[in-house]
S.K.: 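Shown below is the structure under consideration.
We count residues from 1, following the sequence as given. This one's a predicted model, so the numbers in the text were calculated from it and none came from an experiment.
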Amino acid sequence: MTSVGEALIQQLEAHDVEVVFGIPGVHTVELYRGLADSNIRHVTPRHEQGAGFMADGYARVTGKVGVALVITGPGVTNLLTPLGQARADSVPVLSISSVNPVAKQGKGLGCLHELPDQFSTVSSVACQAIRVENSDELSPAMEKLFAGLKGPHLGPAHIEIPTDVAKFEADGSVAKSRQNRTPAIDKNDLKQAAERLANAKAPVIVAGGGMRFHPEALQQLSVLLDAPTVLTTNARGLMHNHDLVVPASPSLDSVRKLIDGADVVLALGTELGLTDYDMFANGWKPPLRSMLRVDLSAEKLGYYDTAMAIHADAGEFIKALLQALDGGVSSDNNGAKRAEETRRLAFDEIGDDMRAISTLLNVIRDTAPNSIIVGDSTQPVYAGNLYYDHDRPAGWFNAATGFGALGFGIPAAIGAAIGAPQSQVICLVGDGGAQFSLPELMTAVDEKLAIVFIIWNNNGYQEIETSMARAGVNVVGCDPTPPNFKLVAASCGVDHFQTSTDPESVQHALKQALALAAPVVVEIDS
């Protein structure tokens, strides 16, 4: 007999899942029954929140679904924060949990791990959620969830299986993985967009995370249109060191001036979220009446009334657009000059402190070229999100956009390293954020991941302290004492290097860390 729990693992294999991040518990024993005999790698974090962030980091670098497997009740509530981050950044994460037996749910009987309504709790965060209550529901449920994760429902999904149902005999059906189903490109949309862009005299492209796996096509279109191309946080690295790139936040006045001055704005795979476009909350909106917007989410397209709202995968659309334009575009739109001026003004605008940190990021990038840099909410990440030109597509991402969860950096870097084992991964985290997930260092040790964990130590929540002081609020609660990170690293069997913010010192410490090819902590005293 094959149980529902065993069939779950077979379903995951059929949908090309290679890694599961999870912490087993008494409620998930049956869900683990077939795991040891499968081809799926199991990674054990130290906290369910870590499982979710690892799944997120894995998904961002691979483009595959990241999977987290947790217990009923506290496992699910611990996972809600990572699901919130995944939803904010449209990351395909599947959470799997147990739940109490069907007949005992919602009755307040004092069951182990009981929530009044676990399904509603997680459904409020996940983009899709299904509870399986009969053996014949598992296969169609998994097929539906994976179809959504690979297509229209951009963001996390959840499936829960009652502990009694997990023991039932499975019906034997296994749905095979299907190709990503993206909307067909509307020929009329394509024609209209091509005509508008061909006639544009001052076009600007704004690219978001939906473009992160299409660097060549984006560069070709930018050159063809001679259009400055603004990269949001999740698009950094798509056009490194290109004459037309603007690796700066559209929350900066200089970048907004460029966008406002465009006669056509082509927005590709960006939800126009406020943490990218209005992080200082001063009410600016991009010029919607001149905007052609392409996005895979029909729901998000409906948030703003733009000149054209094109429901399509942004990468596939611009490939078709390149063919439709077929070189018949005036390529003298002063694009390189407009981009260069915007870069200069944007770098000046971010101020002395952020410029110094942004310059330090260049040192890190150039010392470890083509690395994946995963960040938490910390000053170097804030500086980089304002202005930083990364050298690898899909190689710069962090939690300082959207949901803004602290504790993301360390576990997400672990997920990224597992998803891209041939790549160097660097984690940027503050001393405050590091304390949310320090135990996950041991996961990196267990998995033998050569991640460099850079801890920016300013002895507290300096960014919050500054914000409170600027607002005229007496600063309270911003000075949590950090641990001795050297001793923490030693307790994990991890080497530790300490340095000042001097660029040469940072470079030296980083070179020493990289040479170890093992998990290592580099502490920068800021």
Side-chain angles (χ1 to χ4, degrees), residues 1-59 62 64-76 78-79 82 92-101 112-113 130 132 135 137-139 141-143 145-146 149 157-177 411 414-421 439-440 442-449:
M1 183 193 96
T2 298
S3 69
V4 169
E6 290 172 297
L8 171 70
I9 304 303
Q10 295 172 4
Q11 291 284 345
L12 292 176
E13 286 188 302
H15 287 285
D16 301 325
V17 171
E18 299 172 347
V19 184
V20 166
F21 303 93
I23 300 177
V26 293
H27 274 192
T28 54
V29 168
E30 289 300 325
L31 302 185
Y32 272 77
R33 182 174 291 278
L35 191 55
D37 295 327
S38 74
N39 294 317
I40 297 174
R41 175 182 181 180
H42 183 273
V43 176
T44 307
R46 299 311 191 258
H47 192 283
E48 288 94 356
Q49 188 176 98
F53 286 143
M54 288 177 195
D56 182 304
Y58 174 89
T62 63
K64 300 176 181 178
V65 176
V67 180
L69 176 55
V70 301
I71 61 166
T72 315
V76 172
N78 285 338
L79 198 60
V93 169
L94 174 64
S95 68
I96 302 170
S97 80
S98 52
V99 69
N100 284 308
L112 180 66
H113 302 326
I130 296 177
V132 172
S135 59
E137 295 176 0
L138 178 64
S139 181
M142 294 292 279
E143 184 173 7
L145 291 176
F146 271 90
L149 285 160
H158 176 76
I159 184 169
E160 62 182 30
I161 301 174
T163 52
D164 54 341
V165 175
K167 299 176 184 178
F168 291 175
E169 182 175 0
D171 69 355
S173 62
V174 177
K176 298 295 181 182
S177 181
I414 291 169
I418 289 171
E440 302 301 353
M442 286 308 303
T443 308
V445 171
D446 284 351
E447 298 297 325
K448 299 178 174 60
L449 303 173

S.K.: Test side chain to side chain contact (heavy atoms under 4.5 Å, CB included) on Thr44 and Asp446 and set out the steps.
M.R.: CA-CA 9 Å; Thr44 307; Asp446 284 351; over 6 Å; no

S.K.: Measure the shortest side-chain to side-chain distance between Leu145 and Ile130 over non-hydrogen atoms and say whether it is less than 4.5 angstrom.
M.R.: yes

S.K.: Side chains of Val165 and Glu137: closer than 4.5 Å at any heavy-atom pair?
M.R.: no

S.K.: Of all the heavy-atom pairs spanning Tyr58 and Val65, show the shortest one and how long it is.
M.R.: CE2-O, 3.8 Å

S.K.: Nearest 0.5 Å, what's the CG-CD1 distance between Asn78 and Ile71?
M.R.: 8.0 Å

S.K.: Do Ser95 and His158 have side-chain N/O donor and acceptor atoms under 3.5 Å apart?
M.R.: yes

S.K.: May I ask you to test the Thr163-Glu30 pair for a side-chain heavy-atom distance under 4.5 Å?
M.R.: no

S.K.: Please name all residues satisfying side-chain contact (heavy atoms from CB on, under 4.5 Å) with Pro439, sequence neighbours left out, ordered by chain then number.
M.R.: Arg46

S.K.: For Ala166 versus Ser3, what's the shortest heavy-atom pair and its separation?
M.R.: O-CB, 3.6 Å

S.K.: Any salt bridge (Lys or Arg N to Asp or Glu O under 4.0 Å) pairs touching residues 48-58, not counting sequence neighbours?
M.R.: Asp56-Arg60

S.K.: How long is the span from the CD atom in Glu18 to the CG atom in Leu12, to the nearest 0.5 Å?
M.R.: 12.0 Å

S.K.: Please report the interatomic distance CD1(Ile414) to CE(Met442), rounded to the nearest 0.5 Å.
M.R.: 10.5 Å

S.K.: Is there side-chain contact between Arg41 and Ile418, with at least one heavy-atom pair below 4.5 Å?
M.R.: yes

S.K.: If you look at every heavy atom in Thr443 and Val43, which pair is closest and at what distance?
M.R.: CG2-CG1, 3.8 Å

S.K.: Glu169 vs Ser135, test: side chain to side chain contact (heavy atoms under 4.5 Å, CB included). Steps then yes/no.
M.R.: CA-CA 7 Å; Glu169 182 175 0; Ser135 59; over 6 Å; no

S.K.: For the atom pair CD1 (Ile159) and CG (Leu94), what is the distance rounded to the nearest 0.5 Å?
M.R.: 7.0 Å

S.K.: Could you tell me which non-hydrogen atom of Pro45 sits nearest to which non-hydrogen atom of Gly22, and how far apart they are?
M.R.: CD-O, 3.4 Å

S.K.: CD1/Ile96 to CE/Met142 distance, rounded to the nearest 0.5 angstrom?
M.R.: 5.0 Å

S.K.: Could you measure the distance from the CD atom of Glu6 to the CE atom of Met1? Nearest 0.5 Å is fine.
M.R.: 7.0 Å

S.K.: Can you say whether the rings of His15 and Phe146 are parallel (under 30°), tilted (30 to 60°) or perpendicular (over 60°)?
M.R.: parallel

S.K.: With side chain to side chain contact (heavy atoms under 4.5 Å, CB included) as the test, would you mind laying out the steps for Glu447 and Met54 before giving the verdict?
M.R.: CA-CA 13 Å; Glu447 298 297 325; Met54 288 177 195; over 6 Å; no

S.K.: Just to verify, what does Gln10 make a side chain to side chain donor-acceptor pair (under 3.5 Å) with, not counting sequence neighbours?
M.R.: none

S.K.: Go through Leu8 and Leu138 one step at a time and tell me if the side chain to side chain contact (heavy atoms under 4.5 Å, CB included) criterion holds.
M.R.: CA-CA 7 Å; Leu8 171 70; Leu138 178 64; 4.3 Å; yes

S.K.: Report yes if some heavy atom in the side chain of Asn39 is under 4.5 Å from a heavy atom in the side chain of Glu13; otherwise report no.
M.R.: yes

S.K.: Tell me yes or no: between the side chains of Thr72 and Ser98, is some donor less than 3.5 Å from an acceptor?
M.R.: yes

S.K.: When you measure from the side chain of His113 to the backbone of Asn100, do you find a donor-acceptor pair of N or O atoms at a distance under 3.5 Å?
M.R.: no

S.K.: Can you name the nearest heavy-atom pair linking Gly50 to Glu440, along with the distance?
M.R.: CA-OE2, 3.6 Å

S.K.: So which heavy atom on Val67 is nearest to which on Val19, and how close?
M.R.: CB-O, 4.0 Å

S.K.: Checking Thr28 side chain against Pro24 main chain: does a donor-acceptor pair fall under 3.5 Å?
M.R.: no

